[in-house]
Amino acid sequence: MALIDSAGQILDDRWTYPDCEGDGKVGPNFVLSIESLTAWGAEPPAISPLGAYVGEGTTADEVAPFLDRVDLVVVAFPKFRDGRGFTVARTLREKYGFKGDIRAIGHVLPDQLAALVRCGFSTIVTPREHPPSQWAFNAASKDESASAGPLLRRLIAKRATQEEDVDEAE
Amino acid sequence: MPRSVITANRLTDGVVVWHTSNGGWSERLDNAAVLSDEDICGQVDKLQNSARSVAVDIRSIPVNEVGGKPVLVARRERLREIGPSVRADLAATPPQERWAPRPLPEPPSTTSRSPFAGIYRYDEYDRQFLRDRAEQFRRQVQRRISGELTEEEFKPLRLMNGLYLQLHGYMLRVALPYGVLSASQMRQLAYIARYYDRGYGHFTTRQNIQFNWARLADAPEILAVLAEADLHAIQTSGNCVRNVTTDHFAGAAAEEVVDPRLFAEILRQWSTDHPEFTYLPRKFKIAITGSPQDRAAVRVHDIGILASRSRTGEPGFTIYAGGGLGRTPVVGTKVRDWLPVRELLRYVEAILRVYNALGRRDNIYKARVKILLREMKPENFISMIEDEFAGMANNYNVLEEDVISTIAARFSEPPFEPLPLTSPVLENAKRIDRAFRAWFRTNTHPHQKRGYVSAVISLKPVGGISGDVSADEMDLIAEAADRFSFGEIRVSHDQNVVLPHVRQDQLHELWQTLVEGGLASGNVGLVTDIIACPGMDYCSLATARSIPIAQKIAERFADPERQEQIGPLDLNISGCINACGHHHVAQIGLLGVDKNGEEVYQITLGGSADEEASIGSIIGPAVPAEKVPEAIEAIVDAYIAHRAETEAFIETYRRLGAAPFKEAVYGAHR
């Protein structure tokens with residue numbers, strides 16, 4: 001297990017992820033389940049930075065109330081074929097405007113890197129059987145034209161950039 | 001004592017192989033090591049690990065020993081051993097002679113371009129995107145062969161590129177987006193059939209073509225060849241948004257209100273390689289039509305889109321969701337009465353987002369959106385989509401007019417000529433040539449341009465295989481399209497081919513060309529125009545064969561006069577509950593099932609896929625294979641006896657119910 005960024009480069013991982021046992025200790029750089037975050041109620045302790053853990057079956061709407069107090073959302077992939085995590089990330093970015101780190105953890109494949117990034121993931125905890133070297137290779141072999149995609153994608157992307165330019169000009 | 005052999009498909013070419021006593025693999029069952037059931041489990045486990053880079057789907061199957069030789073017990077396994085029962089001609093070719101020797105000639109795409117066809121024109125980016133996908137798949141295949149990817153991990157990647165492992169080996173399903181293709185693309189398909197397959201292909205019920213004998217090691221190269229003709233196999237399988245289908249007369253039918261091809265293309269581009277919707281709970285099928293007559297079966301799709309115009313002439317959509325066939329056949333629910341064009345992608349995305357987040361993943365049979373819709377209740381499902389839709393940023397994924405017009409401009413318009421409304425040449429030919437007149441009546445459809453007509457080439461000759469075409473026939477169709485239809489071709493979901501834009505005064509000449517090529521069956525819409533899935537002859541999911549049953553029924557009704565007397569009647573056959581043969585929505589449907597090793601067929605009546613969609617009802621106990629033609633004949637005779645003047649079968653059925661048909665089929669046997 002290693003932490004990588006969207007280009008497949010290895011990063012230091014200072015985060016503590018929720019483990020099955022759960023010994024109750026909480027400190028900075030802890031990733032907490034929705035249950036733990038909920039249990040704090042309206043007056044959470046002032047610990048920073050914190051992460052939220054989106055387990056199997058948890059939706060973006062359920063994590064949304066905690067977004068203003070976390071820097072990181074960790075989205076679990078129980079199986080790489082389980083694509084719910086993609087919708088979680090997309091919804092966090094598009095609907096809730098979350099600007100922090102969104103991290104994939106669990107069974108994800110190097111072949112999913114481009115899709116993960118396009119849905120808004122910024123970091124990935126790589127599974128043991130697919131070490132960072134495989135991800136770096138995948139990141140490097142992705143070329144310009146592939147990311148540009150079919151005409152519709154290019155046209156919509158172009159419009160979005162133009163609108164951003166206009167926003168900035170205003 | 002029960003005995004078994006170990007079988008697999010060879011990883012690189014899919015050939016069926018048998019494990020031998022010396023630890024190798026043989027292409028001949030006779031060489032297989034026959035083991036007792038006690039020994040075999042450990043052996044299979046061991047091989048699944050040690051042989052995973054040379055073989056796939058390693059498993060044991062029961063055998064009887066006859067004269068010291070193993071004989072497979074199950075029918076499916078016997079078909080797998082000898083090849084499709086309907087293509088006895090193929091069985092004689094040993095595996096090493098199945099594929100054309102290299103080097104191969106240049107593909108047709110280097111010279112053939114069909115410049116006048118009214119198809120969507122790719123630019124260099126689009127083309128490069130397909131080349132990159134082929135290259136990506138080449139690397140994935142290498143990683144599978146090297147062992148870096150397990151079969152479990154590789155499977156979704158190959159499926160995403162249309163490559164299945166079927167009964168006899170790998171099968172490649174190529175998308176023909178919304179059924180539109182050019183003559184030069186058809187030639188490219190013929191080239192693939194000839195040089196990477198065994199000389200033929202199969203048009204499916206979802207506007208795709210399947211090659212039954214592709215080799216894994218060739219698959220990346222096939223994709224690269226397809227890319228040179230702007231064709232691909234992306235998302236023709238897997239739990240993603242599949243090929244968007246539409247009316248096979250789109251852009252040609254006289255009664256059409258909105259040309260659905262533009263929006264089908266937009267949906268194709270939007271769904272291709274979609275980062276969010278590539279690992280859905282289950283496959284997802286979208287169909288769109290723009291005619292009042294629904295030829296695209298939109299009400300039995302995960303999303304069905306009916307394009308029409310408002311009172312002021314503005315195009316827009318009525319949206320259906322949660323329709324589908326398979327194990328749980330259901331007519332879709334109308335979820336939106338009117339959707340403006342600019343909101344199309346946003347709304348479809350809202351549906352998919354709700355589905356991806358909440359669709360069931362615990363049970364493959366309950367994973368389709370139809371089950372989610374039913375479990376949530378339609379009104380809750382609709383309000384959830386509407387919430388998701390309302391929550392989207394205002395500028396997110398809007399289909400602005402300039403985006404639509406830029407894509408619309410990529411559809412070239414064939415150079416239609418101004419012609420008179422009727423053609424004396426055509427009228428005269430109809431008068432003097434009876435066979436042509438009959439073909440005209442069944443195999444043509446009125447065109448929106450004066451002096452033109454759409455012509456259907458039936459791929460259902462009596463004794464043939466529904467949807468199968470040889471490489472030579474593909475070339476012939478391409479040639480006819482170039483001569484008579486601006487090089488433009490359609491494939492229909494009922495497994496026929498359409499030349500959409502034929503001049504009325506050239507129709508007789510086209511027909512003569514088709515007669516010479518053996519492609520002039522005048523049975524479109526008649527009882528012998530049977531939709532049939534490949535069934536157990538090819539498919540590893542099938543529980544019974546479909547093709548031989550279709551052939552027997554067609555032979556029974558072969559007489560053209562009799563077919564004409566019966567009139568339009570659709571008959572569909574599926575070889576398993578997954579219903580690729582769309583049997584639920586046929587006026588007469590047949591579902592093949594296995595009953596204690598015997599192939600038997602359930603009969604359903606009263607199905608319809610059109611604007612009054614309905615799911616057929618089972619009329620009684622399943623009928624053994626050899627009794628099916630007789631049963632169908634009894635149903636047809638009962639219809640003729642009971643119908644009022646010009647009443648269609650479905651009308652008679654809806655008026656009288658199943659009773660007279662039950663009586664006809666089962667009465668004599670009770």
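Just so we're on the same page: letters track the sequence lines, and every chain starts at 1. As the structure is a computational prediction, the values presented were derived from the model and not from experiment. The figures here come from the full heavy-atom set of this structure, side chains too, leaving out hydrogens, waters and symmetry mates.
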List in chain and number order the residues that pass side chain to side chain donor-acceptor pair (under 3.5 Å) with A/Thr123, two or more places apart in sequence or in another chain; answer none if no residue qualifies. A/Asp101, A/Arg103

Sidechain N-carboxylate O distance under 4.0 Å for B/Glu276, A/Arg84: no

Identify which part of B/Arg410 has an atom lying under 4.5 Å from any heavy atom of chain A, answering side chain, backbone, both or neither. side chain

Honestly, the part of B/Tyr120 sitting under 4.5 Å from a heavy atom of chain A is side chain

Heavy-atom cut-off 4.5 Å, strictly under: side chain, backbone, both or neither for B/Gln140 against chain A? side chain

Shortest non-hydrogen contact from A/Ala115 toward B/Pro275: O-CB, 3.6 Å

For atom CD of B/Glu401, is the number of surrounding heavy atoms from other residues, nucleotides or ligands below 6.0 Å larger than 12? no

Selection from B/Ile266, B/Leu345, B/Thr278, B/Asp402 maximising heavy-atom pairs under 4.5 Å formed with chain A: B/Asp402

Looking only at heavy atoms and a cut-off of under 4.5 Å, which of A/Leu155, A/Thr91, A/Leu152, A/Thr59 has the most pairs with chain B? A/Leu152

Counting only non-hydrogen atoms closer than 4.5 Å, does A/Lys158 touch chain B with its backbone (N, CA, C, O), its side chain (CB onward), both, or neither? neither

Apply side-chain contact (heavy atoms from CB on, under 4.5 Å) to B/Glu148 and A/Gln134, showing your working. CA-CA 9 Å; B/Glu148 182 183 322; A/Gln134 291 181 7; 3.3 Å; yes

The interface call for A/Arg81 against chain B, heavy-atom contacts under 4.5 Å, is both

Answer whether the closest heavy-atom distance between the side chains of B/Asn397 and A/Glu94 falls below 4.5 Å. no

From the list A/Thr87, A/Asp61, A/Ile156, A/Leu116, the residue making the most non-hydrogen contacts under 4.5 Å with chain B is A/Thr87

Is B/Glu388 in contact with chain A via its backbone, its side chain, both, or neither, using a 4.5 Å heavy-atom distance? side chain

Given that the side chain runs from C-beta out, which part of B/Glu135 has a heavy atom under 4.5 Å from chain A: side chain, backbone, both or neither? neither

Is it true that, when you exclude B/Tyr396 itself, more than 12 heavy atoms of the residues, nucleotides or ligands shown sit nearer than 6.0 Å to its OH? yes

Atom group of B/Arg143 that falls short of 4.5 Å from chain A, counting heavy atoms: side chain

Okay, B/Ile404 and chain A: the region with an atom under 4.5 Å from a heavy atom over there is neither

Students often mix this up, so state it plainly: with edges at 30° and 60°, are the rings of A/Phe80 and B/Tyr279 parallel, tilted or perpendicular? perpendicular

Report which part of B/Phe277 has an atom under 4.5 Å of a heavy atom belonging to chain A: side chain, backbone, both, or neither. side chain

What distance separates A/Arg153 CZ from B/Gln269 CD, expressed to the nearest 0.5 Å? 9.5 Å

Turns out that what part of B/Arg361 lies under 4.5 Å from chain A's heavy atoms comes down to side chain

Region of A/Leu109 in contact with chain B, defined by heavy-atom distances below 4.5 Å: side chain

Reported CG-to-CZ distance for the pair B/Asp273 and A/Arg118, which is rounded to 0.5 angstrom: 5.5 Å

Looking at A/Gln112, A/Glu129, A/His107, which makes the most heavy-atom pairs under 4.5 Å with chain B? A/Gln112

Indicate yes or no: does A/Arg154 engage B/Asp123 in a salt bridge with an N to O separation below 4.0 Å. yes

Evaluate A/Leu151 against B/Phe129 for side-chain contact (heavy atoms from CB on, under 4.5 Å), listing each step before the verdict. CA-CA 10 Å; A/Leu151 177 64; B/Phe129 174 75; over 6 Å; no

Checking heavy atoms, do the side chain of B/Leu352, its backbone, both or neither come under 4.5 Å from chain A? neither

Considering only heavy atoms, which portion of B/Glu152 lies under 4.5 Å from any heavy atom of chain A: side chain, backbone, both, or neither? both

Inspect the contact between B/Asp387 and A/Lys95 and indicate whether a charged nitrogen and a carboxylate oxygen are less than 4.0 angstrom apart. no

Pair B/Glu153-A/His130, side-chain donor/acceptor within less than 3.5 Å: yes

